[in-house]
Q: 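Before we start, here is the structure in question, set down as C-alpha cells.
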Amino acid sequence: MNKFLKALFLCIGLFLGGIGLSGTVHADSSVQSIKDRGVLKVVTSPDYPPFEFQINKHGKSEDVGIDIEIAKKIAKDLGVKLEVKNMDFAALLVAVQTGKADMAIGGINPTPERQQNADFSKIYYYGGQEFLVNKADAEKFKNQNALKGQKVGTQTGTLQQQLAKKDLKDSKNVGMDKATDLILALKTNKVAAVGVEKPVGQAYVYNDSDLKMIPADYKIDKKDTGSAIGMAKGNDSLKDAANQSIDQINKENLMPKYLATAGKYMKVNTTDTSMLHYWKYFYDGLTHTLLISVLAVIGGIILGVILALMKISKYKILSWPAISYVEVVRGTPMMVQVLLIYFGLGVIINIPSLIAGIIAVTLNSAAYVCEIIRGGIASVDKGQTEATKSLGLSNGDSLRFVILPQAFKNIWPALGNEFISVIKESSIVSIIGVTDLVYELNVVRADTYRGVAPIVVVMVIYFVITFTLTRGLNYLEGKMNHD
C-alpha cells in the first residue's frame, strides 16, 4: 500500500510539474537558493534512536540523534540555519522529490530502486543487521534460523523489510510505519522478532531490560547496510556539499562523538518516563487537534452549504461539479487526500503541514456535510415552500429564512456526529508531521520506550473531548426541540 501511495504521488508530482523520474531539479534544491533562503530544510522520522528521536527540552520537543548532528554539520558548513521537519519514513523521499525539503535523512539505505528516483550522498554510516526479541524468548529464538514460521516485524519501506521478504520466505513479514509500533507488537507477542539496524537494537536493549538482540545472518555487502542522505534527482551541487561535510566528519572522526551525544540524550530521556512529565506534549497535541477540528467543521459547513445548493440546482453547470466533488471525496481515503494536498498541491505552492492538514480535513468534511444538508433540505415539508411563495418571498429569501433554518434543526444531530467524527479522523494528519495528539503520542512512545501508557493517555483525552461534546450537543438539541 505504501509503495502504491509513493508511486501515486510521484506521478502526481510529475503531472503538476514537480520533479520526479524525469530528473528535473526543483529550484529550491540548489545550494545557492538554500544560501539565499538562509535555511536548510531537512525531513526525518524521529522514531529511530540513536539516529533520530526527540527529547523534552525546556517544555518543547527537540530532534536529536546521529542524523541530526550530521544535518547540523552540513547546515553549518553551508553557513545557514537548520530547519527539521518530521513525517513518516515512507514519505521522506517523496518530500524531497516534491520540493517540500532539501534533504531527507533517517538511516536511509540508497538501494538501486531508490536511486532511480532520488540522488544520495556518500554513505556516512555502516551498520549491521540484527533482530530484537523478548528476553523471555531468547532461548527459543537464538538465531535467524529459529525464526522460520514466525512473524517478523519490519518498518515499512526500509532495508530490513526488503531483506526479510527476500531471505525469510518461511516467515511472515509484518510491516508497520512506526518503529515504536513494532516494539509494542513485539512486547505484546504480536510478532516474534523485529528486524533493525544494530545501533537501533542496542538503543532499545539499553533502555528496555525486557528486550534482547540476536544476530541476523543476511548475505549482504557492506554497502547494503549503509545510510546516506537523500535529495532531489539531479541536485549535484547539494550532493557535493553533503559529501564534503561527510568527508570532514570522517577526517575529524566525529562519528563517535555523535554517537556519544545521542547516547547521552537517550540516557536523560529515560530518567523520568511518567506521562505527567510529558503533559506539555499532550497539551500541544490537544490544541492542534481542536484547532484543526473547529476550523475544519466551520469551513466544512460553509462549503457544504454551497455544495448542497449547487447539487440541488436545476442547472447542470452547477450540479455536476458538486456531484463529482462529493463522489470523489467520499470515494477516496482521507489519508490519500491529505498526502495529495500536502505533496501534490505543495508542488505549486509551499503549504505548511498544519495548513495542509486543515485544508484536507475541511474539504473532506464538506462532502459529508453537503449530503447531510441536502437531506435536511429534502426533509422540509414542500408545503413550506408553497407557503413562502404565497407570501411573495423570493426563492433566495425562502431558502434563507424558512427552509435552511428548519433543515438545520432537523440535521443538528447529524452535524454533531460529523463534528465528533472530524475530531477523531483528523488524527490522520500526523502522517505529514502535524503535531496533533497522535503525532505527540508517537513522540512520547519513542522518548520513553513505553508502548501502552501514552496510548491510554491519548485515548482518555479523546474520550473526554467527545463525551463532553456529545453531552453539549444533546443539550442544545433538547433546547431546540423544546423551542
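What you see is a predicted model; the values in this text were computed from it and never measured. In this chain, residues are counted from 1 in sequence order.
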Q: Between Arg374 and Ile312, what is the shortest heavy-atom contact and its length?
A: CG-CG2, 3.7 Å
Q: Given side chains that start at C-beta, do those of Asp102 and Val39 come closer than 4.5 Å, heavy atoms only?
A: no
Q: Any heavy-atom pair between the side chains of Ile105 and Phe51 that's under 4.5 Å?
A: no
Q: How far does CD1 of Ile323 sit from CH2 of Trp320, to the nearest 0.5 angstrom?
A: 9.0 Å
Q: Test the Lys100-Tyr342 pair against the cation-pi criterion, namely NZ or CZ under 6.0 angstrom from the six-membered ring centroid and within 45° of the ring axis.
A: yes
Q: Give a yes or no answer on whether the side chain of Thr180 reaches the backbone of Arg445 with a donor-acceptor pair at less than 3.5 Å.
A: no
Q: Between Gln129 and Gln160, do the side chains contain a donor N or O and an acceptor N or O under 3.5 Å apart?
A: yes
Q: Please say whether more than 12 non-hydrogen atoms of neighbouring residues, nucleotides or ligands are located less than 6.0 Å from NZ in Lys198.
A: no
Q: For Gln337 versus Asn364, what's the shortest heavy-atom pair and its separation?
A: OE1-ND2, 2.9 Å
Q: Side-chain contact, heavy-atom cut-off 4.5 Å: Ile229 with Ile74?
A: yes
Q: Using a 3.5 Å distance criterion without hydrogens, assess whether the side chain of Gln161 forms a donor-acceptor pair with backbone atoms of Gly175.
A: no
Q: How close do Val464 and Thr468 get, heavy atom to heavy atom, and via which atoms?
A: O-OG1, 2.7 Å
Q: Examine distances only and state if a side-chain atom of Gln155 and a backbone atom of Lys178 form a donor-acceptor pair shorter than 3.5 Å.
A: no
Q: For Tyr475, is the NZ or CZ atom of Arg471 found under 6.0 angstrom from the centre of its six-membered ring and inside 45 degrees of the ring axis?
A: no
Q: Measuring from atom CD1 of Ile34 to atom CE of Met103, what distance do you get when rounded to the nearest 0.5 angstrom?
A: 6.5 Å
Q: Is there a side-chain contact between Thr289 and Tyr439 (heavy atoms, below 4.5 Å)?
A: no
Q: Considering all heavy atoms of both residues, which atom of Asp63 and which atom of Pro46 are nearest to each other, and what is their separation?
A: OD1-CB, 3.4 Å
Q: Considering only heavy atoms from C-beta outward, does the side chain of Asp284 approach that of Glu440 to under 4.5 Å?
A: yes
Q: Side chains of Ile373 and Val369: does their closest heavy-atom pair fall under 4.5 Å?
A: yes
Q: Roughly how far, to the nearest 0.5 Å, is CG of Asp177 from CG of Asp181?
A: 8.0 Å
Q: Start with the C-alpha distance between Lys190 and Val174, add both sets of side-chain angles, then the distance that settles side-chain contact (heavy atoms from CB on, under 4.5 Å), and finish with yes or no.
A: CA-CA 9 Å; Lys190 298 296 188 299; Val174 178; over 6 Å; no
Q: Without swapping roles, check the side chain of Asn134 against the backbone of Leu186 for a donor-acceptor pair under 3.5 Å.
A: yes
Q: Hey, does Leu132 have a side-chain heavy atom less than 4.5 Å from the side chain of Ile183?
A: yes
Q: Let me confirm one number: the CG-CZ distance from Asn109 to Phe120, rounded to the nearest 0.5 Å.
A: 8.0 Å
Q: Measure from the side-chain N and O atoms of Asp67 to the backbone N and O of Gly107, and report whether any donor-acceptor pair falls under 3.5 Å.
A: yes
Q: Do any N or O atoms from the side chain of Lys233 and from the backbone of Gln115 form a donor-acceptor pair under 3.5 angstrom?
A: yes
Q: Between CG of Asn173 and OG1 of Thr156, what distance do you get to the nearest 0.5 Å?
A: 8.5 Å
Q: Can you find a pair of side-chain heavy atoms, one from Ile465 and one from Leu286, that are under 4.5 Å apart?
A: yes
Q: Report the distance from atom CG of Leu441 to atom CZ of Phe282, rounding to the nearest 0.5 Å.
A: 7.0 Å
Q: Walk me through it: do Ile341 and Leu363 pass the test side-chain contact (heavy atoms from CB on, under 4.5 Å)?
A: CA-CA 10 Å; Ile341 295 296; Leu363 295 177; 4.1 Å; yes
Q: Specify the closest pair of heavy atoms between Met334 and Val361, including all atoms of both residues, with the distance to one decimal.
A: SD-CG2, 4.3 Å
Q: Evaluate the criterion side-chain contact (heavy atoms from CB on, under 4.5 Å) for residue pair Ile292 and Leu354; output intermediate values, then yes/no.
A: CA-CA 8 Å; Ile292 294 169; Leu354 177 60; 3.9 Å; yes
Q: I need the minimum non-hydrogen distance between Gly299 and Thr362, along with the two atoms involved.
A: C-CG2, 3.6 Å
Q: Would Ser45 and Asp47 satisfy side-chain hydrogen bond (donor to acceptor under 3.5 Å, both in side chains), going step by step from the backbone distance to the final call?
A: CA-CA 6 Å; Ser45 181; Asp47 61 348; 3.1 Å; yes
Q: With side-chain contact (heavy atoms from CB on, under 4.5 Å) as the criterion, how do Val191 and Val152 come out once you've worked through the C-alpha distance, each side chain's angles and the decisive distance to 0.1 Å?
A: CA-CA 6 Å; Val191 296; Val152 177; over 6 Å; no
Q: Would you check if the distance from the ring center of Phe89 to the ring center of Tyr48 is below 6.0 Å?
A: no
Q: Do any N or O atoms from the side chain of Asp436 and from the backbone of Gly285 form a donor-acceptor pair under 3.5 angstrom?
A: no
